[in-house]
Structure formats: C-alpha cells, structure tokens
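Computed from heavy atoms alone, side chains included, the values below leave out hydrogens, waters and symmetry copies. Residue numbers start from 1 in every chain, and the chains themselves are labelled A, B, ... in the order their sequence lines are given, proteins ahead of strands.
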There are 2 protein chains.
Amino acid sequence: MSIRILLVDDHPVVRAGLRALLSGFEGMTVAAEAADGAAALKELDRLQLLGEPADVVLMDLQMGTGMDGVAATTRIRSREAAGEPAPPVLILTTYDTDADILAAVEAGASGYLLKDAPPDQLRAAVLAAAAGRTALAPEVAARLLDRIRHPQPALSPREVQLVELLATGLGNRAIARQLFISEATVKTHLVHIYAKLGVDNRTAAIAEATKRRIIRAQ
Amino acid sequence: MSIRILLVDDHPVVRAGLRALLSGFEGMTVAAEAADGAAALKELDRLQLLGEPADVVLMDLQMGTGMDGVAATTRIRSREAAGEPAPPVLILTTYDTDADILAAVEAGASGYLLKDAPPDQLRAAVLAAAAGRTALAPEVAARLLDRIRHPQPALSPREVQLVELLATGLGNRAIARQLFISEATVKTHLVHIYAKLGVDNRTAAIAEATKRRIIRAQ
DNA sequence: GCCGGAATCCACCAAATGGTTGACGCCGGG
DNA sequence: CCCGGCGTCAACCATTTGGTGGATTCCGGC
C-alpha cells in the first residue's frame with residue numbers, strides 16, 4: 001500500500017522530474033498528473049471512482065494557465081465537508097514570498113517546499129503529509145518564525161493591493177481609477193503604508209515591500 | 001552514436017525531469033549533470049578526458065547559486081579558440097525577458113527554450129543544436145523580431161547606476177550626494193532615462209528597468 | 001577637425017507627490 | 001457598548017518631481 005500522489009504543475013519538465021524522483025522512492029506512486037487546478041480536481045474524482053483515491057496532492061502554487069494553486073488548494077480542502085476525499089496538499093514552488101506562503105497556509109496547505117529542495121527533503125515532506133503531519137522547508141519555516149519574532153506591522157489586504165499597483169509605476173490618479181476610489185483615499189493609504197514600512201516615499205516603499213517579499217518583482 | 005547532453009540546472013527536480021524526458025528520446029543520452037556554471041565547466045573537461053565529450057549543453061539561465069548561465073555560456077563558447085571542445089549551448093529557462101534572451105544570444109547560445117515547452121519542442125531543439133543549427137521557441141523568436149522592429153536604446157553605464165539607486169528608494173538629493181554630482185544633473189539623467197525606457201516617472205522607470213532586467217530585484 | 005554622445009551643470013515653471021488634520025461608516029473584540 | 005482598525009473622502013500646504021531649454025567639457029569616430 002504505496003502512497004498515491006497527484007502531481008499538479010504546468011511544466012511538463014517538472015512533472016517528469018517529480019515523477020522520476022518520487023517513483024524512485026520506496027512506497028510512493030504517482031497516481032496521476034494535472035497541468036492546472038481544474039484538471040487536478042477532475043483527476044481527484046477520477047481516482048476516487050477507480051477506488052484508489054490520492055493520498056497526497058503535490059502542487060505548484062503559480063500556474064500560468066487555468067486555475068491557480070491557492071484556489072485549487074481551497075477547493076480541495078473544502079471537499080472534506082462534503083464527505084469527498086480531501087487529501088493533504090503539499091505546495092512545491094519556486095518562490096518563498098511571504099504573501100505566497102501565507103496564502104497557501106491559509107488555504108489549508110499542509111506543507112511548503114521550494115523547487116530547489118534536495119530530493120530527500122521532498123521525500124520527507126510527502127511522508128509527513130501522508131501521515132497527516134505538516135512539513136515546511138527550512139527556509140520557509142525560518143521566514144515564518146522571523147515573522148513572529150519581528151512582528152512587522154502587517155499591511156492590510158487593501159494596502160498590499162496599493163503596493164502592487166505602486167510597483168507597476170502608476171501615479172496616484174491612475175491607481176485611484178484602477179481601484180474605483182478617490183485620489184485622496186489613495187494618498188491616505190500611501191501614508192499608512194509609508195508608516196508601516198518605515199519609509200517616506202513611494203519608491204522606497206516599493207524597495208522595502210520587495211525586500212520583505214510583500215510583493216514579488218519578476 | 002547517441003547525442004551526449006550535459007544538463008546544467010540548480011533544481012534537482014528539473015534535472016531529474018530533463019533526464020527522464022531526454023532519455024526517453026531515441027538517440028539522446030544525458031552524459032552528466034551540474035548544478036551551476038562552474039560545475040558545468042568541470043564536467044565538460046571530465047567528459048573530454050573520458051573521451052566522450054558532450055555534444056550539447058542544456059542549461060538554465062538563472063541559477064541561484066554559483067556562476068550564472070550567461071557567464072557559463074560565454075566561457076563555454078570561448079573554449080573554441082583554445083582548441084578545447086565547445087559544444088553548442090541550449091538555454092532552457094522560465095522567463096522570456098528581452099534582456100535575458102539578448103544576453104544569451106550575445107553570449108553565443110544556439111537556442112532558447114521556455115520551461116513550459118512541450119517535450120517534442122525540447123527534442124527538436126536538442127537535435128537542431130547537435131546539428132549545429134539554431135532553435136528558438138516561437139515566443140522567443142517573436143520577441144526578438146519585435147526587438148529588431150522597435151530597437152530599444154541602451155542606457156549608459158552612468159544611467160544604469162542612477163537606476164540602481166532609484167530602485168533603492170532614494171530621492172534626487174540623496175542620489176546626488178551618493179554620486180557627488182548636483183541635483184540638477186540627477187534630474188537631467190532621469191529625463192534621459194525616462195525617454196529611453198519610454199516612461200514618465202521614477203517608479204515606472206524602476207518597473208520597466210526590472211522588466212528589462214537592467215536591474216535585478218532580489 | 002568636426003560631430004555626436006556622455007556627463008556635468010543652471011534656471012524656471014508646472015505638476016505630482018507627501019504630510020497634516022479632520023471626518024464618516026463599518027465591523028469585530030474586549 | 002465602546003474602542004480601534006480599516007477603508008473611504010476632503011482641504012490645505014510644503015516639498016519633490018518632471019519638463020524645457022539652454023550651456024560646458026571631454027572623448028572617440030568618421
């Protein structure tokens with residue numbers, strides 16, 4: 001009775017890699033693959049019908065196309081209430097952004113790994129997830145702890161949204177139009193943001209937000 | 001006589017995936033793997049000593065640790081002059097950023113693929129590279145053509161320096177002090193930078209410079 | 001030897017941004 | 001039930017930024 005895994009990633013190369021690595025481990029089988037969240041939900045049902053439901057979902061958080069990882073995680077976890085199988089979801093992604101991690105954890109993910117993780121970290125995480133335990137990559141755990149130790153005044157969701165638009169290079173007026181609020185409100189938000197980030201202008205706010213991984217610069 | 005490939009990528013998962021995919025193709029063998037550019041050069045020499053030099057190098061452009069892809073490509077391609085084996089370099093990466101593509105091509109890469117490419121595109125590209133031909137992903141080719149149609153003026157070294165400080169969040173006065181120039185000069189530089197980047201304010205300049213990989217956001 | 005680009009500087013004016021104070025409705029925790 | 005945080009808006013003012021049109025030096029290429 002091997003651990004049955006559902007792979008969800010939009011990169012064929014990564015799927016092949018995970019399949020190769022996982023099937024090399026004792027007691028693990030890749031039961032199915034999906035390229036995005038929607039396909040993942042379908043596969044989950046299909047496996048259920050076959051009488052061999054997935055034990056763990058291993059999923060990328062950001063997928064270029066289709067339903068994204070956070071949404072998919074929420075959907076999968078919420079199946080429990082309906083009496084359907086809701087396997088633990090393990091996130092495997094490239095970035096360790098605060099916002100991403102938090103979103104994943106809130107959505108009910110039971111682990112968060114980085115793609116450059118060594119294979120045995122991957123193995124350990126899958127085992128932990130299958131056993132109902134939680135597994136965070138050291139880097140991710142460190143980041144969460146750091147959060148707790150140095151409680152940085154958190155930006156409100158609205159403020160994060162502002163910062164994202166800031167980083168786009170939009171002016172206050174343009175931001176106001178985007179969000180359907182007045183320019184005055186934008187300025188108020190900015191003042192709050194500056195205070196929370198400990199800066200005094202918009203470019204510094206972007207720099208600080210990037211450093212704190214509140215936003216991601218590609 | 002199979003095509004011998006050297007894999008260079010810092011993600012174990014991706015290496016495993018490429019290895020799995022490539023060894024599934026007729027006439028291709030993964031001769032060795034490396035996690036960064038420095039290791040790749042060592043492997044190249046090692047394979048040479050074994051009497052079975054690599055025919056193609058398949059490399060990620062951005063590597064978190066160690067020598068990066070562009071540097072490695074330059075080094076590999078420049079071996080030809082020394083009479084050492086200089087196999088064609090195929091870039092396989094996540095982003096299709098203008099600056100990245102250009103840097104890779106200038107460094108002598110003979111192909112540029114995206115990681116979400118379907119396996120047979122990968123296969124075709126490796127075959128092309130081994131045959132001494134060039135292979136660009138359609139998206140990449142389109143981007144290059146666009147570049148040629150709309151040539152983008154390059155920033156001068158001094159201007160790049162300005163942009164770097166800009167992204168730090170410094171004001172004009174602070175930048176002027178940092179560079180030991182007058183505030184007026186800073187403003188002049190900024191006007192030039194805006195013109196070259198096609199923007200009209202400093203935050204947009206940062207966004208654009210980041211997008212073009214003129215500066216790197218951590 | 002002339003031309004152009006890079007880098008430096010100045011002045012002036014218009015516009016955007018930042019800082020302050022005050023205000024309102026909503027919601028959730030103590 | 002009251003307080004505090006969030007999100008919204010307004011008016012006012014100081015500062016910073018952006019835009020324009022010059023000017024100078026230095027350098028390298030044609």
- A:Gly169 and B:Thr203: which non-hydrogen atoms are nearest, and at how many Å?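 Looking at all heavy atoms of both residues, the closest pair is CA-OG1, 3.5 Å.
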
Whole-Å gap separating [atom2] ([N]) and [atom1] ([X]):
X	N	atom1	atom2	value
A:Leu155	D:dG7	CG	P	10 Å
A:Leu179	D:dT8	CG	P	8 Å
B:Ile181	D:dC26	CD1	P	18 Å
A:Leu162	D:dC6	CG	C1'	12 Å
A:His192	C:dG18	NE2	P	14 Å

- Bend angle of the helix from C:dG1-D:dC30 to C:dG30-D:dC1 from five-pair axes at both ends, rounded to 10°?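 Helix axis angle between the two ends: 40°.
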
- Can you tell me if A:Thr210 uses its side chain to pair, donor with acceptor, with the backbone of A:Ile206 under 3.5 Å?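 Side chain of A:Thr210 to backbone of A:Ile206, a donor-acceptor pair under 3.5 Å: yes, one is there.
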
Between the side chains of [Y] and [X], is the shortest nitrogen-to-carboxylate-oxygen separation below 4.0 Å, so that they form an ion pair?
X	Y	result
A:Glu208	A:Arg212	yes
B:Asp10	B:Arg15	no
A:Asp9	A:Lys115	yes

As a test of understanding, state which of [options] forms a side chain to side chain contact (heavy atoms under 4.5 Å, CB included) with [X].
X	options	value
A:Ile193	A:Val163, A:Thr188, A:Val199	A:Val163
A:Gln178	A:Thr168, A:Val186, A:Leu162, A:Leu170	A:Leu170
A:Met59	A:Val57, A:Val56, A:Leu61	A:Val57

- Starting from the 5' end of DNA chain C, give me the residue, B:Ala184 or B:Pro157, whose nearest nucleotide shows up first.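 Result: B:Pro157.
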
- Task: Spell out protein contact along nucleotides 13-24 of chain D as letters: B when the base is contacted, S when just the sugar-phosphate is, - when no protein heavy atom is under 4.0 Å; keep the 5' to 3' order.
- Result: ---SSBBB----

- Message: Tell me every residue that passes side-chain contact (heavy atoms from CB on, under 4.5 Å) with A:Asp45, counting only those two or more places apart in sequence or in another chain.
- Response: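 With sequence neighbours excluded, A:Asp45 shows a side-chain contact (heavy atoms from CB on, under 4.5 Å) to A:Arg79, A:Glu84, given in chain and number order.
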
- Message: Check the phosphate of D:dC9 against A:Thr185, side-chain N and O only, distance under 4.0 Å to OP1 or OP2. Yes or no?
- Response: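 So the side-chain polar atoms of A:Thr185 do come within 4.0 Å of the phosphate oxygens OP1 or OP2 of D:dC9, strictly under.
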
- Item | Phosphate OP1/OP2 of C:dA7: any B:His189 side-chain N/O under 4.0 Å |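 Negative; the distance criterion is not met.
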
- With heavy atoms under 4.0 Å as the rule, sort B:Ser182 into base, sugar-phosphate or nothing.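 Sugar-phosphate contact only - B:Ser182 comes under 4.0 Å of backbone atoms but never of a base.
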
